[in-house]
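I have placed the structure first, in the form of C-alpha cells, so that the comments after it can refer back to it.
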Amino acid sequence: MSFAVALCSTSSFFPSGFAIRNPKQLQPFVSMSLSSKLPLHFSGNARFNRNHPTMFKIRASNSNSSSSSKLVLFSSTIVVTTAVANRVLYKLALVPMKEYPFFLAQFITFGYVVIYFSILYFRYRARIVTDEMLAIPKLRFVAIGFLEALGLVSGMSAAAVLPGPVIPILNQTFLVWQLMFSTLLLRRRYSINQLVGCLLVAVGVVVAITSGSNTGQMLSEVQFFWPALMIISCSFQAWASVMKESIFIDSATQLKHKSLDIFVVNSFGSGFQALFVLLSLPILSNLRGIPFAQLPSYFKSGAGCFLNLGADNPNCDGAPLLPLLYVIINLAFNISLLNAVKTSSAVVASLLVMLSVPISVYILSLPLPYLPEGTSLSPFFLLGCAILLCGLFLYNTTRPVRSSSEDD
C-alpha cells in the first residue's frame, strides 16, 4: 500500500502485511494478542500423598501441561515464521501490484470469507465442527466486525495524514490497549516484570524501525488530532482481539470443555468484518483517492494486473506468482495467529508479531528477487533488536499472576 497501515489493525481489509519503502519507514500490519498460561496449582497435601485420590489426576495434569507447553512453543514458532514471510511477500507482491494495493486488500477481505466458510463447511461435514459450535451466540462476532471496521476507517484516515516513520511508533500503543482490555474484560492480572517486558518490546520495535530518524520533529508539524486518532484506532483493534480471546474462553464452558474450532471464529468474524467494510467502501475509496464511481473500473484493472492478463498491464511483472504466494502465506498467518490465541493467550501474540518486525526489516534490507537493491541498517537497528529480545525474555521468564477468577 502507498500509505502506512497501522500495526494495530486486525482487519483483513488491509492484509496482514505492510509496505516498506525502506527499512526505516515501516508500514506495519495487524497485531493480535494472546493471554498467558497460568501455572498448575496444587491444593492441600495432594502432591505428597501417593494414595490421594487426585494423585493420578495431578500427574496426568503435569503431563498435559508439558504437552501444552510444547504445543504453545510450536504454534509460536509458526506464528513468527509466517509473520515474517507474510511481511516480506507483501512487499514483493506490491512490485507488480504497486498501482492496485486497494484491490489486493479487497480481494483478501472478501475472498477470505469464501475460503473460511468453505473450510468450515467441509469440517462440519467431517464432524470436526459440531452443531453446538455453530450455535454459539453471534452477537460478539458482530461487535468484533464493527470494531475492526471502525478501527480500519479511523486508522486509514490518520495514516493518510501522518508521516510514515511516525506511524509504527504510535502503533505500539496497541499493546498498551490490549493489556488494559485484558485486565478489564478478562480480569487478568500482570506482574511488574511482565509489564516492563511488554514496554521493552514496544521500545525495542520503535528503536529498530526508526533507526535514529527525527520523528519528533515530523510529528510536531501535524495537528494533535491525527496522532490521537491513530492511537484510538488501535484501541478498537485491541478491543476486538481481546473479545476473540474471550470467545474461546467462554466456549469451553458452553461446549462442556470441548475445544472451539478456530474456523468458526475465523468464518463468522471475517463475515461480519466484510459486511461492515462493504458498508464503509465509499469512505475508504475516497480516502485512497479513488472516487466511488470509478471503483468498478479500478477493480477490473486490478484483477487484470493480479492475473497478469492483457497488454494493458506492462508493469505487472511477477504476477500472478507473487500475489498468489502472498495470499497463501497471509491465509496461513491468520490461521496460525488465531490458533495461537486459542492455545495460548492474548498479549503473547502481540509480542510474537512484534518479534517478526525487526526480522522482516533485516530480510528486506537484503537484495531479493524483484528487489535487487539492498539497504544498510544503522546501529540503532541492532540496539532495538537487543532491547526487544530482553523484553521477550523478561516477560516469558516471569511467573504469571493468578487471575481474580482463580482466587476462589
Using the side chain to side chain donor-acceptor pair (under 3.5 Å) criterion, which residues pair with [X]? Sequence neighbours excluded.
X: Y124; result: D131
X: D250; result: R140
X: S259; result: K342
X: R125; result: Y121

Looking at [atom1] of [X] and [atom2] of [Y], how far apart are the two atoms once the value is rounded to the nearest 0.5 Å?
X: C316; Y: M97; atom1: SG; atom2: CE; answer: 7.0 Å
X: F181; Y: W239; atom1: CZ; atom2: CH2; answer: 6.0 Å
X: K300; Y: Q294; atom1: NZ; atom2: CD; answer: 14.5 Å
X: L278; Y: T109; atom1: CG; atom2: OG1; answer: 10.5 Å
X: Y90; Y: L322; atom1: OH; atom2: CG; answer: 13.5 Å
X: L179; Y: L184; atom1: CG; atom2: CG; answer: 11.0 Å

- Query: Can you pull the salt bridge (charged side-chain N to carboxylate O under 4.0 Å, His left out) pairs that have at least one residue in residues 259-272, sequence neighbours excluded?
  - Reply: R123-D261

Write down the atom of [X], the atom of [Y], and the distance for their closest heavy-atom approach.
X: A319; Y: N308; result: O-ND2, 3.0 Å
X: N286; Y: P291; result: OD1-CA, 3.9 Å
X: S241; Y: F174; result: OG-CZ, 4.1 Å
X: S233; Y: G151; result: CB-O, 3.5 Å
X: I290; Y: F102; result: CD1-CD2, 4.0 Å
X: S251; Y: I136; result: CB-CD1, 3.9 Å

List in chain and number order the residues that pass side-chain contact (heavy atoms from CB on, under 4.5 Å) with [X], two or more places apart in sequence or in another chain; answer none if no residue qualifies.
X: L321; answer: L325
X: I144; answer: E148, A240, M243, K244, I247
X: V113; answer: F117, S270, A274
X: V196; answer: I192, L200, L394

- Pick from Y298, F299, F306: which one makes a ring pair (Phe, Tyr, Trp, His ring centres under 6.0 Å) with Y100? Y298

Just wondering, more than 12 heavy atoms not from [X] lying within 6.0 Å of its [atom1]?
X: F248; atom1: CZ; result: yes
X: Y370; atom1: OH; result: yes
X: Q254; atom1: CD; result: yes

- Run the side-chain contact (heavy atoms from CB on, under 4.5 Å) check on F141 and V265 step by step: do they pass? CA-CA 8 Å; F141 292 114; V265 179; 4.0 Å; yes

- Determine, step by step, whether S246 and L186 satisfy the side-chain contact (heavy atoms from CB on, under 4.5 Å) criterion, reporting the C-alpha distance in whole Å, the side-chain angles of both residues, the deciding distance to 0.1 Å, and the verdict. CA-CA 7 Å; S246 70; L186 303 181; 3.7 Å; yes

[X] side-chain N/O to [Y] backbone N/O, donor-acceptor pair under 3.5 Å:
X: N339; Y: I335; answer: no
X: N334; Y: N330; answer: yes
X: S267; Y: V264; answer: no
X: W226; Y: S157; answer: no
X: K138; Y: L134; answer: yes
X: Q237; Y: C234; answer: no
X: S365; Y: Y362; answer: yes

For residues [X] and [Y], determine if any side-chain heavy atom of one lies less than 4.5 Å from a side-chain heavy atom of the other.
X: L389; Y: V201; result: no
X: D317; Y: P96; result: no
X: P101; Y: R288; result: yes
X: T82; Y: R87; result: no
X: L185; Y: E245; result: no
X: V361; Y: F381; result: yes
X: L92; Y: Y326; result: no
X: M230; Y: T173; result: no

- Just by distance, with hydrogens left out, do S182 and Y190 show a side-chain donor and acceptor under 3.5 Å apart? yes

- Query: Cut-off 3.5 Å, side chains only: do R189 and T183 have a donor facing an acceptor?
  - Reply: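 Short answer, no.
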
- Message: Please determine whether side-chain contact (heavy atoms from CB on, under 4.5 Å) holds for the pair V277 and Q106, giving the CA-CA distance in whole Å, both sets of side-chain angles, and the decisive distance to 0.1 Å.
- Response: CA-CA 9 Å; V277 166; Q106 303 309 310; 4.3 Å; yes

If the condition is ring pair (Phe, Tyr, Trp, His ring centres under 6.0 Å), which residues does [X] pass it with, not counting sequence neighbours?
X: Y116; value: Y112
X: F146; value: F276
X: F103; value: none

- Could you walk me through whether L392 and L352 pass the side-chain contact (heavy atoms from CB on, under 4.5 Å) check? CA-CA 9 Å; L392 288 175; L352 293 174; over 6 Å; no

